[in-house]
Amino acid sequence: MRPHGEPERGAAGLAASSADARQQSAAYERRRSEEGRLRRTSGWEEGAEPPVEGVELLADVGVSASGPRDGGEPRRRTPITAASPARQASDTRSADPVRRLLERHRALCERAVDPLEIAAGLEALGLTDRTAARFRHRDVFSLAEELFARAAHPDEPPAAAPGTRVPRVRALAEAAVPLLPALFCLLTVAALLLTADARRLPGPHPAGAVIAGAGAVAVLVALRIALRRVAPSKGALLACGWLLTYALFGDQALEEVLGGGPDLPPGPLAAPDPSVPLGLALAVAPAVWCARWFARAARRRLADSRNLGELASRVRPLVLLVVAVFAGSLFVVEAVTVLSLLPLPGYAHPPGEWAQAAAAALAVLLFLVLLLAVRGLHSAAVAGLGAAAAVELLCLGAVLAARVPSLAPVGRPVEVAVAAVGPPVVPLLACGGAALVLLVHAARALARASAHRCGAAP
Amino acid sequence: MPVRVALLTEGGYPYVQGEVAGWCDRLLRGLHSHEFEVYALSRSRRQEQAGRVPLPGNVVGVREAGLWDASGRGTEAAAMPYGRRVRRWFRAEFGALADAVCRPVVELREGAGQSGRAAPVEDRFSRALHGLAALAAEHGGLSAALRSEDALHALESACRRAGAPRVVQSAQVPDLLAVAARLERALRPLSLDWYGACGTAGLAAADLVHAVGAGPAVLPGLLAKRNLGTPLLLTEYGVRLREHFLHGAGDPGVLAVAGARAPVRAVLAAFQQLLVREAYRTADLITPGNAHTRRWQERCGAPAERLRTVHPGMDASPYAELGEAADVRPGQAVLTWVGRLAPAKDVVTLLHALVRVRERVPGARLRIVADHGSDAGYAAHCRAVAAGLFPDEAPGASGEGRNPVSFEGALPGPGCRAARLASRADAFAGEGPVVLSSVVEGFPVPLVEAMFCARATVATDVGAVCEVVGGTGLVVPPRNPAALADACASLLLDPQRRARLGAAARARALELFTVEQNVEAFRGIYLELISRRSGGPPRARAARPFAVTAETHLCAYGEEGQGNAPPQVPTWARGGRAASPVPVGTVRAARRGGGRG
């Protein structure tokens with residue numbers, strides 16, 4: 001902060017560095033004369049120390065190092081008596097020289113939070129103990145203390161929410177990026193469905209596997225781009241991978257296991273219902289949008305909350321709201337998925353309600369994990385994902401274990417549930433339960449100020 | 001046997017871009033018989049990547065830690081790493097720290113002036129600081145705890161407490177976050193592994209801790225002093241507190257926040273002030289670089305009896321030839337200005353002064369020699385002003401015109417056809433006074449160089465100028481072209497006075513500002529501090545000074561592990577009331593085993 005005097009002049013000169021030298025010089029002279037006028041009007045004349053004083057000061061060089069610093073009494077030998085008529089005129093105008101100083105350095109004094117800050121600022125502007133002696137002060141410190149005591153310290157306006165303006169094109173691109181995974185997924189599914197007829201002919205057909213593999217890689221890359229600001233932990237990635245794999249192939253596997261399988265050697269992997277991966281990829285877009293909106297809204301509330309309690313009570317409903325909005329958007333996602341798949345020739349049937357519900361539960365769980373992970377709350381995220389994955393694994397394991405004659409009751413609950421609802425009941429319960437618990441945790445954890453330290457958003 | 005000194009720096013020595021790195025380097029090379037271990041805190045990734053200066057052979061190790069966050073890291077929320085009991089402990093300690101920091105500055109002043117006695121708030125701060133250090137030593141994870149919600153709650157309740165200043169009371173949630181983040185960085189040295197845990201000797205093996213600057217770098221020194229009894233020497237060439245206030249808007253220091261709101265600045269300033277006071281109170285000896293720094297330190301509660309000014313030294317040899325040959329300088333007298341062109345140097349005032357000088361001394365000329373790192377914009381501005389003020393002059397109708405102001409040296413910017421100088425000393429070749437017109441100045445290096453070259457000087461009364469110049473040059477008030485012009489003209493017109501002042505200046509500079517005097521001063525201070533230390537905890541200290549001599553203590557290095565020889569106690573220190581000193585070897589072993597206590 002250099003609001004006054006010479007440094008400012010230097011800074012102004014800096015700004016005009018590329019201009020023509022003559023022009024610059026003229027501008028400088030103008031500024032200097034303006035400054036002189038300003039100083040005169042505020043009682044500070046340009047030549048405040050006339051030659052007489054200069055000579056006097058020269059004379060007491062030896063005194064200066066020790067004189068006013070350790071001498072207890074204020075210096076009486078001020079140059080005021082030896083000053084020029086202009087100087088005397090300015091002194092007769094006001095008996096309070098400190099007030100003029102205060103007016104001159106108003107910004108510095110009002111901004112200061114400590115007398116020492118004013119002292120440092122005054123010293124940086126060239127004020128010395130000798131100058132302070134002219135204000136009847138022993139040193140710059142005591143002068144600064146008087147200035148600090150006399151200056152008004154107005155309340156600063158609350159900090160505005162840090163809003164960064166991004167160009168419109170960039171903002172649009174940012175908003176469109178989360179649609180990429182869905183796009184790649186749709187292309188992959190379409191390619192697979194369109195080539196399905198050809199692949200039904202006898203003989204080996206690596207084309208399907210190649211398309212599926214390439215599509216999966218493309219979707220994952222797009223996902224990484226869309227969520228590039230999230231740094232997931234290894235555990236979270238592992239659990240996430242398992243949950244997605246189960247969402248694609250788990251139901252078949254469970255049916256097979258319940259039916260006494262798997263046969264050895266295992267037959268070719270049946271293609272999963274394309275609406276599941278497509279729906280999940282499509283849900284990335286509303287998830288990212290919702291997370292960004294939540295981050296913005298939370299940042300706004302953070303900026304104008306007076307205390308932590310108020311912030312928590314204002315952000316908590318926001319967490320519930322954003323999760324509700326995301327869950328609502330899943331209906332749209334579902335509809336768009338079915339609509340985009342229906343025109344494709346190989347697409348047979350929309351998935352069952354329970355399968356849809358299971359996919360939605362997984363989507364909500366992943367959304368909550370996203371909200372937490374982007375703010376560095378990795379442990380909760382990993383715990384939520386891990387619990388869901390563990391439940392799914394346990395269910396598969398329980399069914400397998402039930403084949404041991406004495407352990408038959410272990411598999412009963414799964415069998416009963418699957419018989420009543422269908423295989424999707426396992427992921428639905430696992431993901432839904434984990435999501436519920438995580439929601440309760442998120443409502444508490446995300447309401448804390450420390451979670452919004454940098455206003456993180458994916 | 002060498003003394004092992006732990007040198008603590010923050011944003012300083014081993015880094016090429018570090019502050020006072022040159023001084024540290026000269027000190028370490030000068031004291032080659034001592035062993036040094038450098039503990040460096042870096043301020044930014046840029047600083048760390050810019051590399052380190054080549055280390056002298058007596059540096060036995062360098063330990064580094066960063067006080068900055070990689071982008072994206074450290075800004076995240078952290079879960080409370082402690083269990084219920086430790087968490088309560090943390091809350092109590094950090095709450096006490098926050099409470100001390102959120103007190104009005106007036107409370108600090110109460111203790112000021114009475115050296116050695118701490119204000120109650122200082123005591124609380126000190127206890128909390130060491131409490132947090134103990135917590136970090138026992139359980140670790142202090143960084144995460146400082147970033148947790150508990151820390152925010154503690155800060156909030158401290159800010160809202162009755163008696164907190166109004167500006168602190170107005171703190172809002174973002175302010176609390178900013179404060180917590182900065183405190184976490186500043187307190188990071190508390191949780192470093194420098195204190196001799198995990199089998200490494202670290203600070204526990206040091207005989208003496210030498211901290212450069214009273215910022216976060218002094219924290220390990222404070223802990224070592226308290227827990228291990230290691231003497232602490234504190235050197236400051238610029239006052240850390242003053243820099244904190246001045247650079248609050250610009251330089252990314254550890255605590256300074258650019259554009260922060262008043263509550264944040266108030267709390268951080270109070271923290272910095274309390275830390276500085278604690279450091280001054282604890283240090284065995286404080287060595288300010290000049291009287292200006294000393295004045296600030298006294299103001300911040302440094303006891304006068306423990307202050308000892310040690311001027312920074314400069315290598316005089318490049319200027320020896322020029323200084324010795326001072327009498328036989330040919331040519332016309334010109335004014336010379338040497339330095340880094342920057343607004344704070346106020347060359348424009350000098351140019352205006354030259355107008356007046358030329359009224360009295362027609363034909364007076366000015367050489368401006370720019371150093372590396374000059375501000376390109378300001379240099380261009382000065383050239384423009386010079387061109388505007390002084391038309392080119394030709395000796396006759398047929399001669400080529402020349403401007404009375406010539407720019408030389410490492411001028412930045414394109415199109416500068418300034419003459420490059422062969423050596424640094426060339427800047428001071430020639431006749432006439434050397435002028436310094438700064439409005440802000442710490443230790444004026446060009447002025448000292450001019451004194452080495454036996455040049456008379458005219459300088460403005462800022463920073464350490466007065467004490468550097470002493471009676472060997474003219475000092476005028478800053479921003480006063482008339483006074484500056486008078487002083488310059490009087491010297492230009494009086495060659496004999498010039499020569500007299502120049503000779504006196506050289507003698508003074510050789511006496512006070514050489515590297516040798518600096519190094520010798522520190523050699524003496526090191527020995528003195530070690531001699532005062534008994535080698536044991538404060539309780540076991542010998543009643544008489546030197547009852548346990550420095551040499552006894554040092555010999556313990558060789559004897560350790562080979563059966564401890566009885567310590568050498570002078571006959572005059574035996575018996576009587578003098579407490580029998582604890583065998584040094586066993587104490588050392590106990591200290592190592594005891595770790596951080």
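Proteins get letters first, then strands, A, B, ... in listed order; numbering begins at 1 in each.
For the residue pair A:A449 and B:L152, the shortest heavy atom distance occurs at CB-CD1, 3.7 Å. Nearest heavy atom pair, residue A:A303 against residue B:P174, reads CA-CG, 3.8 Å. Taking every heavy atom of both residues into account, A:A124 and B:V440 meet most closely at O-CG2, 2.8 Å. In plain terms, the two heavy atoms of A:L302 and B:L177 that are nearest each other are CD2-CD1, 3.7 Å. Minimum heavy-atom separation, A:V113 to B:A262: CG1-O, 3.6 Å.
Put simply, the side chain of A:D114 does not reach to within 4.5 Å of the side chain of B:R265, judged on heavy atoms.
Looking at B:A181, both its backbone and its side chain come within 4.5 Å of chain A, counting heavy atoms on both sides. For A:S305, the parts sitting under 4.5 Å from any heavy atom of chain B are the backbone and the side chain alike. Contact of B:L484 with chain A is not made at all, since no heavy-atom distance falls under 4.5 Å. When heavy atoms are compared at a cutoff of 4.5 Å, A:A445 does not approach chain B at all.
Within 6.0 Å of atom CZ in B:R160, more than 12 heavy atoms from other residues, nucleotides or ligands are found, so the atom counts as buried in its surroundings. The number of heavy-atom neighbours closer than 6.0 Å to CZ of B:R360, taken from other residues, nucleotides and ligands shown, is above 12.
Taking SG from B:C466 and CG from A:D129, the interatomic distance works out to 10.0 Å, rounded to the nearest 0.5 Å. Rounding to the nearest 0.5 angstrom, the gap separating the CD atom in B:Q172 from the CG atom in A:D304 is 7.5 Å. Here the OG atom belonging to A:S450 is positioned 11.5 Å from the CG atom belonging to B:L176, to the nearest 0.5 angstrom.
Under 4.0 Å is where a charged nitrogen must lie from a carboxylate oxygen, and between A:E123 and B:R295 at least one such pair does.
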Full working for side-chain contact (heavy atoms from CB on, under 4.5 Å) between B:H153 and A:L308: CA-CA 7 Å; B:H153 276 290; A:L308 297 171; 3.6 Å; yes
Full working for side-chain contact (heavy atoms from CB on, under 4.5 Å) between B:V173 and A:R306: CA-CA 6 Å; B:V173 179; A:R306 213 182 120 62; over 6 Å; no
Steps toward side-chain contact (heavy atoms from CB on, under 4.5 Å) verdict (B:C300, A:L116): CA-CA 9 Å; B:C300 298; A:L116 289 176; 4.2 Å; yes
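Residues of residues 309-316 of chain A lying within less than 4.5 angstrom of chain B, judged on heavy atoms, are A:L311 in numerical order.
Taking chain B as the reference chain and counting heavy-atom pairs below 4.5 Å, the highest number among A:A112, A:A120, A:G121 is found for A:A120.
No donor-acceptor distance shorter than 3.5 angstrom exists from the side chain of A:R448 to the backbone of B:S148, with no hydrogens or angles considered.
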